[in-house]
Amino acid sequence: MIDSRFFRQECYIDGAWIGADETIPVDNPATGEVIGTVPKFARKETAKAIDAAHAAFADWRGRPAAERAAYCLKIHDALMANQEELGRLLTIEMGKPLAEAKGEVAYAAAFFKWFGEEARRVYGDVVPSPWADKRIVVTKEPVGVVGSITPWNFPTAMIARKAAAALAAGCTVVAKPASQTPYSALAYGVIAEEIGLPKGVLNILTGSAAAIGDELCENPKVRKITFTGSTPVGKELASKATKHMKRVSMELGGNAPFIVFDDADLDRAVAGAVASKYRNSGQTCVCSNRIYVQAGVYDVFAEKLAAAAKALKVGDGLEPGVQQGPLIDEAGVRKVEEHIEDATKKGAKVILGGKRREGLWFEPTVLTGVTADMLVAREETFGPLAPLFRFETEEEAIRLANDTEYGLAAYFYTRDLGRAFRVMEALEYGIVGVNEGIISTEVAPFGGVKDSGMGREGSKYGLDDYLNIKYGLIGGL
Ligand SMILES: NC(=O)C1=CN([C@@H]2O[C@H](COP(=O)(O)OP(=O)(O)OC[C@H]3O[C@@H](n4cnc5c(N)ncnc54)[C@H](OP(=O)(O)O)[C@@H]3O)[C@@H](O)[C@H]2O)C=CC1
Ligand SMILES: O=C(O)CCCC(=O)O
């Protein structure tokens with residue numbers, strides 16, 4: 001049992017906490033211990049939450065933007081005031097090191113601040129009219145009830161990216177977190193209660209993913225589906241959402257290339273690769289998945305990366321100084337093993353790590369001699385495995401980097417300004433880090449192209465995903 005007022009084992013629907021007979025156990029990936037349960041709700045309870053959000057919508061959208069902004073800022077303040085406690089809860093259910101978990105809480109809070117500020121800047125337009133006696137007015141309106149489904153790897157921040165934009169825009173929300181990490185999400189219910197957010201504006205429910213997903217997609221009162229998670233589930237949800245022509249935002253899988261050119265600042269590239277690859281033990285959709293290194297610096301880069309990765313401290317995320325927590329579950333560990341096994345069978349060499357440790361930990365791993373025919377070139381590993389591919393020319397690097405159905409984040413390192421622009425423009429990705437391994441910030445648009453999804457989160461563009469445009473023609477002047 002976790003000693004925290006944020007630890008709630010019931011769902012938050014229409015401003016009330018509701019339990020269930022049927023529950024889902026939740027464990028701590030570092031210890032394997034069951035830390036609690038959450039309700040296993042299905043369609044009926046989801047419909048109830050949707051009704052609550054629908055009933056709350058008219059009042060919420062009608063409030064002045066400044067009032068909605070004030071609530072967002074209160075959520076920001078509550079997250080920051082409880083950063084340590086919420087960070088611990090996140091580490092216990094998800095496994096990431098406490099420093100990263102606290103960083104995630106601050107990252108989540110930043111979205112509430114950003115969108116709270118943006119709420120007051122939802123401008124419209126007056127379009128020059130082609131008629132002397134008519135005027136054209138364009139306004140923006142909240143889309144309505146939003147159904148949000150989020151993954152386990154950023155249980156606090158992924159809800160924030162969606163709910164902050166939705167609430168600021170005037171939408172109400174029904175949020176379904178991942179079953180493996182529900183408590184960080186339910187903590188928003190405690191915050192909503194404490195700051196007096198009107199009931200029904202934010203509802204959080206746990207349970208059967210398929211049943212909740214179906215109700216969110218098929219219930220016509222929901223006007224938008226926003227999802228972060230795997231590409232197959234995202235495609236399924238997007239296709240179901242077409243039944244009622246709902247708006248959709250999809251933040252899906254990635255297969256990020258990380259390119260190191262001969263002219264790169266190698267130490268900077270190594271630091272960027274470590275940050276990008278091993279953040280959250282490799283469990284992010286923007287983690288570099290394929291590291292392409294130009295032939296002239298391949299060996300020295302491999303050596304430096306292995307040395308840096310070797311220094312990472314692996315252990316329970318609550319232990320001071322730990323930088324690599326456990327993976328989320330056994331399937332996650334098996335996927336890393338499978339990628340290593342496949343690569344070594346086809347000729348790759350393990351120069352660091354390569355093995356799991358007792359429990360769900362995996363050693364930070366570096367592979368050399370990796371080629372395009374290996375599994376790791378095509379699939380997202382979602383673990384602490386850095387595969388190094390060798391390339392000769394800029395054209396080859398771009399071709400290899402783009403040779404994937406994904407298009408979320410890409411990274412490259414060069415000191416040549418012309419190359420920086422050329423390669424940035426040639427990469428078919430929604431996000432490109434040039435001489436930078438960490439690209440996330442609430443002020444920039446996060447999102448992908450191709451099978452990595454559609455829509456943008458964060459930034460001034462992030463609000464548009466929650467707004468409909470209305471054109472008014474006023475005649476008879
Ligand atoms: N883009 C990203 O950030 C992420 C990408 N991934 C990728 O996906 C792989 C699998 O991870 P996984 O957690 O299984 O990702 P999923 O896409 O399965 O899960 C993400 C969210 O979707 C829910 N969900 C699952 N199935 C359905 C469904 N049929 N209808 C509605 N909602 C559903 C999950 O609920 P529940 O937890 O209850 O099953 C969870 O809340 C990872 O290894 C990684 O490659 C994973 C997480 C995040
Ligand atoms: O993995 C994800 O789904 C999101 C990555 C977190 C971020 O950097 O915003």
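Start at 1 and go down the list; that is how both ligands and their atoms are numbered.
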Undergrad: Under 3.5 Å, is there a donor-acceptor pair between the Asn468 and Arg247 side chains?
TA: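 Yes, a side-chain donor-acceptor pair sits under 3.5 Å.
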
Undergrad: Any chance you could lay out the side-chain hydrogen bond (donor to acceptor under 3.5 Å, both in side chains) test for Asn255 and Arg378, step after step, and finish with the verdict?
TA: CA-CA 7 Å; Asn255 182 4; Arg378 309 237 63 89; over 6 Å; no

Undergrad: For ligand 2, note which part of Glu251 has a heavy atom under 4.0 Å away: side chain, backbone, both or neither.
TA: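 Answer for Glu251: neither.
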
Undergrad: Looking at Thr284, which atoms of ligand 2 are within less than 4.0 Å of one of its heavy atoms?
TA: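 Numbered from 1, ligand 2 contributes 1 (O).
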
Undergrad: Would you indicate which of Thr150, Thr181, Thr228 comes nearest to atom 40 (C) of ligand 1 when only heavy atoms are counted?
TA: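 Residue with the shortest heavy-atom distance to the ligand atom: Thr150.
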
Undergrad: Would you indicate which of Pro182, Ser230, Ser148, Pro177 comes nearest to atom 8 (O) of ligand 1 when only heavy atoms are counted?
TA: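 Of the listed residues, Ser230 has the closest heavy atom.
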
Undergrad: Going by the atom numbers of ligand 2, which of them fall below 4.0 Å from some non-hydrogen atom of Thr228?
TA: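 Answer for ligand 2: 3 (O).
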
Undergrad: Go through ligand 2 atom by atom and flag the ones less than 4.0 Å from a non-hydrogen atom of Met158.
TA: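 This gives 3 (O), 4 (C), 6 (C) as the contact atoms.
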
Undergrad: Let me know which of Lys162, Lys224, Arg161 forms a side-chain hydrogen bond (donor to acceptor under 3.5 Å, both in side chains) with Ser249.
TA: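 Testing each of Lys162, Lys224, Arg161 against Ser249, the sole residue satisfying side-chain hydrogen bond (donor to acceptor under 3.5 Å, both in side chains) is Lys224.
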
Undergrad: Roughly how far apart are Asn203 CG and Glu45 CD, rounded to 0.5 Å?
TA: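 Going from the CG atom of Asn203 to the CD atom of Glu45 covers 13.0 Å.
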
Undergrad: For atom 1 (N) of ligand 1, which candidate among Asp214, Thr231, Leu252 holds the nearest heavy atom?
TA: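 It is Leu252 whose heavy atom sits nearest to atom 1 (N) of ligand 1.
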
Undergrad: For ligand 2, which part of Ile439 has a heavy atom less than 4.0 Å away: the side chain, the backbone, both, or neither?
TA: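 For Ile439, there is no contact with ligand 2 at all, from either part.
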
Undergrad: For atom 36 (P) of ligand 1, is some protein heavy-atom partner under 4.0 Å away?
TA: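 Yes, because at least one protein heavy atom sits under 4.0 Å from atom 36 (P) of ligand 1.
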
Undergrad: Please work out which of Tyr406, Phe154, Phe227, Phe382 has its closest non-hydrogen atom nearest to atom 46 (C) of ligand 1.
TA: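 Of the listed residues, Phe382 has the closest heavy atom.
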
Undergrad: Using a 4.0 Å heavy-atom threshold (strictly under), name the region of Glu251 that reaches ligand 1: side chain, backbone, both or neither.
TA: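 Contact part for Glu251 vs ligand 1: backbone (N, CA, C, O).
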
Undergrad: Give me the nearest non-hydrogen protein atom to atom 1 (O) of ligand 2 as residue plus atom name, then the distance to 0.1 Å.
TA: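 Nearest neighbour among protein heavy atoms for atom 1 (O) of ligand 2, to 0.1 Å: Cys285 N, 2.8 Å.
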
Undergrad: When you look for heavy atoms under 4.0 Å from ligand 2, do you find them on the side chain of Ser440, its backbone, both, or neither?
TA: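 Contact part for Ser440 vs ligand 2: side chain (C-beta onward).
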
Undergrad: What atoms in ligand 1 come closer than 4.0 Å to a heavy atom of Asn153?
TA: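 What qualifies from ligand 1 is 3 (O), 48 (C).
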
Undergrad: What is the nearest protein non-hydrogen atom to atom 9 (O) of ligand 2, stated with its residue, atom name and distance?
TA: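 Answer for atom 9 (O) of ligand 2: Tyr107 OH, 2.6 Å.
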
